[in-house]
Amino acid sequence: MDALVTGAISGFVVSFPTDTVPALAALPEKSGLIFAAKQRSQDKPLILMAANPEELWPFCQGSESEKLIWQQVAQKYWPGALTLVLPASSRLPPQVNPNDPATIGVRVPDSAIARKILSQTGPLATTSANLSGQPPLRTMAEIDDQFPSVLTLELSETELTKESGVPSTVAKWTLKGWEILRQGVIEMANG
């Protein structure tokens, strides 16, 4: 795990398990490396993943009442498979969401391994580990094969995590409340 953390901090793309599907991850300012590796269109943003919500709030901008609502939702569902799409602060590197730098998706995964890595690296820009348009890869061996330059976490059988294989629910904050962009593991309604 130390080599992966050092690699991430040094600006390399890394991969590790989460509670949904394995992630490709990089420092937010190095997001372009993920877009290139995945052959991903710039109109498909990455999300920021962190070990705890407090590390994500500085990247988000809203009124005090909005922040309170976001924090209540985070307290209920995080760590977990819910991505919140919120207005972005000026702290967000535009490379994370090149097509719409005014918003950012944020999440705290329900995976002890992922949170342990993120607690050492700080927030990372992430997405599923796969070529764009292809199904998510499920094992570190598949990721090694498809992305030989990506640093992966070598896990023993006893360390394997329970991934659902289902992407996170994505909820976007709007003037009318939450808009569900993708229903995933967590059931959440518009409004």
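Side chains are part of it too, since the values below use all heavy atoms of this structure and drop only hydrogens, waters and symmetry mates.
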Asn99 side chain vs Asp43 backbone, donor-acceptor pair below 3.5 Å: no
Please check if atom NZ in Lys38 has more than 12 non-hydrogen atoms from other residues, nucleotides or ligands closer than 6.0 Å. yes
Minimum heavy-atom separation for Arg91 and Pro58, please, with both atom names. NH1-CB, 3.0 Å
Scan side-chain atoms only and decide if Ser168 and Thr83 contain a donor-acceptor pair under the 3.5 Å cut-off. yes
Please check: side-chain N/O of Gln146 versus main-chain N/O of Leu131, any donor-acceptor pairing under 3.5 Å? yes
Over all atoms of both residues, closest heavy-atom pair of Pro101 and Leu92: O-CD2, 4.1 Å
Does atom NZ of Lys116 have more than 12 heavy-atom neighbours, drawn from other residues, nucleotides or ligands, at distances under 6.0 Å? no
Check whether any side-chain heavy atom of Cys60 sits under 4.5 Å from a side-chain heavy atom of Trp70, and report yes or no. yes
What orientation do Trp57 and Trp78 show, parallel under 30°, tilted 30 to 60°, or perpendicular over 60°? parallel
Any idea which heavy atoms bring Thr121 and Ala8 closest together, and the distance? CG2-CB, 3.9 Å
Determine yes or no for a side-chain-to-main-chain donor-acceptor pair under 3.5 angstrom, with Arg115 supplying the side chain and Pro109 the backbone. yes
Nearest heavy-atom neighbours spanning Ile104 and Pro87: CG2-O, 4.4 Å
When clusters are formed from ILVMFWY side-chain contacts under 4.5 Å, directly or step by step, what else is grouped with Leu181? Val85, Val170
Spacing of Gln42 atom CD and Gln95 atom CD [to the nearest 0.5 Å]: 9.5 Å
Do Pro79 and Asp19 touch side chain to side chain, with heavy atoms closer than 4.5 Å? no
Nearest heavy-atom approach of Val108 to Pro53 is CG2-N, 3.7 Å
Taking C-beta and beyond as the side chain, do Met1 and Gln120 meet within less than 4.5 Å on heavy atoms? yes
Do the side chain of Glu142 and the main chain of Arg138 share a donor and acceptor less than 3.5 angstrom apart? yes
Do Val73 and Met188 make a side-chain contact, defined as non-hydrogen atoms from C-beta onward lying under 4.5 Å apart? yes
What pair of heavy atoms forms the shortest contact from Ser128 to Val21, and how long is it? CB-CG2, 3.7 Å
Between Leu153 and Ile117, is a side-chain contact (heavy atoms from CB on, under 4.5 Å) present by the stated rule, with each step listed? CA-CA 10 Å; Leu153 187 63; Ile117 291 165; 3.9 Å; yes
Keeping Ser63 on the side-chain end and Glu66 on the backbone end, is there a donor-acceptor pair under 3.5 Å? yes
Rounded distance [0.5 Å steps], CD1 in Ile34 versus CG in Leu27: 9.5 Å
Would you say the side chain of Phe59 lies within less than 4.5 Å of the side chain of Leu86, judging by non-hydrogen atoms? no
Counting heavy atoms not belonging to Asp2, are there more than 12 under 6.0 Å from its CG? no
Less than 4.5 Å apart, any side-chain heavy atom of Ile143 and any of Met140? yes
Taking Arg40 for the side chain and Pro45 for the main chain, is one N or O donor matched with an acceptor at less than 3.5 Å? yes
4.5 Å side-chain heavy-atom contact, Phe16 and Ser111: no
Test side-chain hydrogen bond (donor to acceptor under 3.5 Å, both in side chains) applied to Arg107 and Thr169, Thr126, Thr20, the passing residue: Thr20
I need the Leu24 CG to Asn130 CG distance, nearest 0.5 Å. 7.5 Å
